Amino acid sequence: MMRPPPRPARITRAPENFLSAADIRDVQAGRRGFLAQAFAAAVALGGATAVRAAAGTATGTAAGDPAILELPPWSTTLGHPVAARPYGQPSVHEKNLVRRESPGLTRVNAASVSFAPLQGLFGIITPSGLHFERHHQGWQDIDPTRHRLMVEGLVRTPTVYTMEDLMRLPSVSRIHFIECGANSGMEWANVAVPTVQYTHGMLSCSEFTGVPLSLLLDQCGLDRKRGRYVLAEGADGASLTRTIAMDRALDDVLVAYGQNGEMLRPENGYPLRLVVPGVQGVSSVKWLRRLKVGDQPFNTREETIHYVDLMKDGMLRQYTSIQECKSVITSPSGGQVIVDQGFLNVTGLAWSGRGKVKRVDVSFDGGRNWKTARLETPVLSKALTRFNIDWVWNGQPAILQSRAMDETGYVQPRMMQLREVRGTRSIYHNNAIQSWQVTAAGDVNNVQVD
Amino acid sequence: MSRSTDVRGLVRATRHAFALGALVACATVGAAPADATQYPGVGRPATPAEIKAWDIDVRPDFQGLPPGSGSVADGQKIWDGKCAMCHGDFGDSNEVFTPLAGGTTQEDIKAGRVASLRNPEQVRTTLMKVSTVSTLWDYIRRAMPWNAPKSLSTNDVYAVLAYLLNLGAIVPDDYVLSDRNIADVQQKMPNRNGMMRMPGLWDVHGTPDVANVACMHDCPVRGAVISSLPGAARGSHGDLADQNRTYGPVRGQGVPTVAAAAKPGDGAGGNDAKMTALADRSGCLVCHGLTSKIVGPGYSDVAAKYHGDPAAQARLEAKVKAGGAGAWGAVPMPAQTQLSDADVHALVQWILGSTN
């Protein structure tokens with residue numbers, strides 16, 4: 001419930017794999033002579049140098065690398081038995097990559113956000129345990145045998161479904177991103193947070209399994225003449241509600257129970273949620289209990305007080321649903337240090353709420369010149385797409401940007417272009433090009449450029 | 001009979017019971033389950049009582065609004081007991097949530113546009129933004145109070161809303177809000193004309209409002225840095241070295257974090273995992289940090305304040321049970337009636353860091 005108190009600064013310890021015990025003692029004692037030799041080219045002071053020193057690609061002895069010369073315990077001992085951990089966990093060495101709150105963003109952590117650690121993720125699927133969280137009144141772990149879905153309103157037969165009913169129906173599995181409408185919302189006016197986890201981490205992508213909403217609406221006898229909107233409602237304390245236009249509801253919306261091969265996680269709506277592909281995350285109502293068909297929008301709290309975009313003239317834009325085409329370089333990215341000069345794969349994510357990503361270009365000079373990146377397969381509609389591009393960092397300062405284009409021809413805008421139209425106070429739908437500044441020391445910093 | 005047969009029998013019996021009820025329901029809407037031949041046995045008609053129990057939304061045209069009424073005065077009483085701890089006595093607290101009231105004027109009420117929304121310095125309150133009074137009714141009923149949603153009676157919802165509207169000077173002090181006059185209130189909502197739609201971001205095939213071009217060479221941008229993180233903010237998100245892998249071609253920057261200043265009472269309570277869990281479960285930690293103020297004081301501050309006071313245990317136990325205000329600021333602490341006496345005793349003992 002409470003935030004851990006801030007901790008004092010730590011000295012990054014040298015990883016034993018690369019350094020002998022004697023080397024580690026030297027580092028701890030401040031004797032870095034051999035490292036300084038290995039990194040004679042390093043010009044930086046402070047963080048970058050410390051990290052690079054700790055990274056230590058130095059071989060340590062003339063004979064070679066102790067990681068090779070001295071057999072490690074995992075090569076010389078018996079390992080753990082099967083099912084020692086019936087539900088597998090990541091390696092203890094991966095504990096840094098977890099969901100995190102942004103300090104000061106909200107004051108109550110049951111109405112808050114945790115961000116996915118995009119800086120360390122690969123491919124396009126977000127591990128379920130790292131999927132970002134946004135709860136309006138805390139999360140619940142619902143008993144699936146007591147969960148019901150009711151479809152009512154302008155339908156011939158208001159109908160109740162149990163989980164058993166829903167899991168009997170023909171299912172589909174589709175890979176889609178979910179991005180909070182407020183993702184990157186802290187950065188409308190200026191840089192506010194240090195890393196891609198906080199600038200873009202209200203973004204995740206999963207394979208969802210469930211029943212097309214259109215199937216359920218048809219089964220209940222949707223009044224296609226008068227029924228123009230669907231209200232979706234959660235079963236949690238907030239019972240959050242959102243209006244979905246009927247053309248979208250009949251298009252590709254899922255009533256989902258599966259996520260990445262297992263049931264949804266409680267934090268992501270177990271046992272049932274709506275997935276509205278390409279639309280801001282709030283519409284993908286979690287813990288879904290009710291769908292009501294109506295003939296006008298419902299103007300819910302999440303449509304008049306929040307998730308409304310404030311324009312320069314003081315007007316509020318409602319129902320700005322679509323998450324427009326966007327991309328970000330996830331590594332190297334803000335708050336990181338590039339350990340050494342030479343070849344470095346630059347990687348990132350691109351996505352569009354309007355369909356497939358068609359192309360991603362990357363600039364290393366703040367947007368003056370661009371090169372087209374490789375898109376990795378699969379490239380799917382309304383899903384994250386992974387891009388990669390080769391780079392040889394020669395120790396010169398650089399400003400990295402990525403710019404995505406989707407199949408409609410829309411090109412991801414620059415921050416200044418967005419501000420001209422939407423001002424700096426709209427909070428939502430910031431899909432601007434992200435800039436990462438690389439200093440000569442290898443520090444990567446979040447910046448905005450004109 | 002095997003266990004699975006039992007379960008199937010139960011499911012069948014339940015379906016049968018609902019099917020009988022459904023005959024009545026269907027008779028009223030004059031229809032059988034649609035597409036029954038395509039997915040036979042899946043889903044069943046909802047009963048009228050079930051629909052009534054869950055169909056709680058209230059639309060801008062007041063479809064779904066139940067009859068009832070409540071006065072500003074009654075609303076204030078409920079507010080003081082159930083709402084003020086988060087929203088402040090006058091709905092203007094910014095401590096837990098964004099303020100509800102404030103920022104609107106009589107001119108706004110006349111025009112239906114809130115002028116202060118144009119002021120970049122203005123904190124945006126609920127009454128500045130919301131365009132429809134139905135939204136407030138709907139939301140208070142479904143989600144408030146925050147820690148006990150859906151616990152207010154229909155008349156309580158009218159009363160609380162009347163008080164909130166009164167805080168915004170939208171209705172007078174002696175107003176009684178009801179289903180009969182709520183449409184009149186809609187005509188006084190300060191931002192009723194302040195919403196617009198942008199079809200480009202709503203329609204499946206909408207047209208975007210910003211257009212960039214995919215220039216590849218010598219593009220007309222300066223590319224100069226116009227914003228970066230101030231040095232003072234670099235440690236705001238913790239040590240970034242701990243938020244990246246400790247191996248590989250990139251690492252996290254080692255960022256000095258803000259060191260916790262030692263305070264009197266540090267160490268009180270905090271380390272007992274069982275008691276921390278009880279405090280968490282009991283909702284205490286929503287408002288109190290172990291060592292930091294959230295809404296109420298941090299527990300280490302409480303321990304420091306009452307250090308050496310032998311009467312503090314009994315006094316604080318009574319205060320937890322009955323609620324209180326004034327000792328630590330204007331935001332009152334609600335009565336914690338959900339706690340057993342034994343839990344209250346243990347929690348206070350733990351907070352004070354006492355061992356006897």
Side-chain angles (χ1 to χ4, degrees), chain A residues 1-2 5-6 8-9 12 47 50-51 96 107-108 150 152 156-161 165 168 190-191 194 219 221 237-239 247-248 290 298-299 301 304-305 314-322 331-332 335-339 366-370 410-411 413 417-418 421 447-450, chain B residues 31 33-35 42-46 51 54 59-60 96 117-118 126 129-132 135 139 142-143 149 194-196 198 201-202 204 208-210 212 214 216-217 219 221-229 237 240-243 245 249-251 253-254 256-260 280 285 289 291:
Chain A
M1 295 296 286
M2 73 167 286
T12 310
V51 168
N96 286 355
R107 283 150 292 192
V108 186
M150 183 186 291
E152 52 117 4
R156 192 166 46 215
T157 313
T159 304
V160 172
Y161 297 92
D165 287 324
R168 286 165 73 180
N190 49 267
V191 168
Q219 210 212 351
S239 294
D247 56 351
R248 187 181 300 288
R290 188 167 69 104
F298 291 80
N299 234 41
R301 181 231 198 197
T304 64
I305 299 166
M315 287 297 279
L316 291 162
R317 274 185 181 175
Q318 284 184 291
Y319 300 109
T320 47
S321 299
I322 294 171
S331 180
Q336 293 183 331
V337 182
I338 301 173
V339 170
R368 273 187 292 277
N369 296 287
W370 298 81
Y410 174 88
V411 179
Q417 289 178 303
L418 269 185
V421 177
V447 297
Q448 293 181 349
V449 300
D450 60 2
Chain B
D35 286 358
V42 177
R44 59 161 181 85
I51 295 172
W54 274 13
R59 295 201 312 198
V96 187
L117 281 172
R118 287 191 282 270
T126 295
K129 291 187 284 184
V130 68
S131 57
T132 46
T135 308
Y139 184 71
R142 75 174 54 246
M195 293 281 174
M196 62 183 285
M198 213 300 272
L201 290 176
W202 164 249
V204 172
D209 61 352
V210 178
N212 194 7
M216 295 303 285
H217 301 289
C219 305
V221 296
R222 279 214 316 144
V225 172
I226 54 170
S227 178
S228 58
L229 209 57
H237 283 66
L240 304 179
D242 292 343
Q243 301 180 27
R245 293 201 171 86
V250 293
R251 316 292 165 84
Q253 293 169 6
T257 54
V258 184
D280 191 353
L285 302 186
T291 57

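Model, not experiment: these values are computed from the prediction. Chain letters run A, B, ... following the sequence lines, proteins first and then strands; every chain starts at 1.
With B:Val225 as the fixed residue, the side-chain contact (heavy atoms from CB on, under 4.5 Å) test singles out one of A:Val191, A:Asp450, A:Val449: A:Val449.
Between B:Ala46 and A:Val160, the shortest heavy-atom distance links the atoms CB-CG2, 3.6 Å. Residue B:Pro149 comes nearest to A:Gly237 through the heavy atom pair CB-O, 3.4 Å, listed as atom of the first residue, atom of the second, then distance. In terms of heavy atoms, B:Val42 sits closest to A:Gln219 at O-NE2, 3.3 Å. Here the shortest heavy-atom pairing between A:Gly314 and B:Leu117 reads O-CD1, 3.5 Å. Among all heavy-atom pairs drawn from B:Ile51 and A:Glu152, the shortest one is CG2-OE1, 3.6 Å. Residue B:Gln253 comes nearest to A:Gln336 through the heavy atom pair NE2-O, 3.1 Å, listed as atom of the first residue, atom of the second, then distance.
Separation of atoms CE (B:Met216) and CZ (A:Arg368) is listed at 15.5 Å; rounding is to 0.5 Å. Rounding to the nearest 0.5 angstrom, the gap separating the CH2 atom in B:Trp54 from the CZ atom in A:Arg290 is 9.0 Å. Note: B:Leu229 CG to A:Gln448 CD = 10.5 Å, rounded to the nearest 0.5 Å. Taken from CD in A:Gln318 to NZ in B:Lys129, the straight-line distance is 12.0 Å, to the nearest 0.5 Å. Taken from CE in B:Met198 to CZ in A:Arg317, the straight-line distance is 4.5 Å, to the nearest 0.5 Å. Rounded to the nearest 0.5 angstrom, B:Trp202 CH2 and A:Arg248 CZ are separated by 7.5 Å.
In terms of heavy-atom pairs under 4.5 Å with chain B, the best-connected choice from A:Pro413, A:Pro332, A:Gly366 is A:Pro413. Looking only at heavy-atom pairs under 4.5 Å with chain B, the residue among A:Asn190, A:Thr320, A:Asp247, A:Thr304 that has the most is A:Thr304. No other option in A:Tyr410, A:Tyr319, A:Tyr161 has as many heavy-atom pairs under 4.5 Å with chain B as A:Tyr319. Annotation: maximal heavy-atom pairing with chain A below 4.5 Å, among B:Leu240, B:Leu201, B:Val221, occurs at B:Leu201.
A 4.5 Å side-chain heavy-atom check between A:Asn96 and B:Gln243 finds every atom pair outside the cut-off.
B:Arg142 places a side-chain N or O within donor-acceptor distance of the main-chain N or O of A:Ser239, the cut-off being under 3.5 Å.
Applying the salt bridge (Lys or Arg N to Asp or Glu O under 4.0 Å) test to B:Arg59 and every residue at least two apart in sequence or in another chain returns A:Asp295, B:Asp61.
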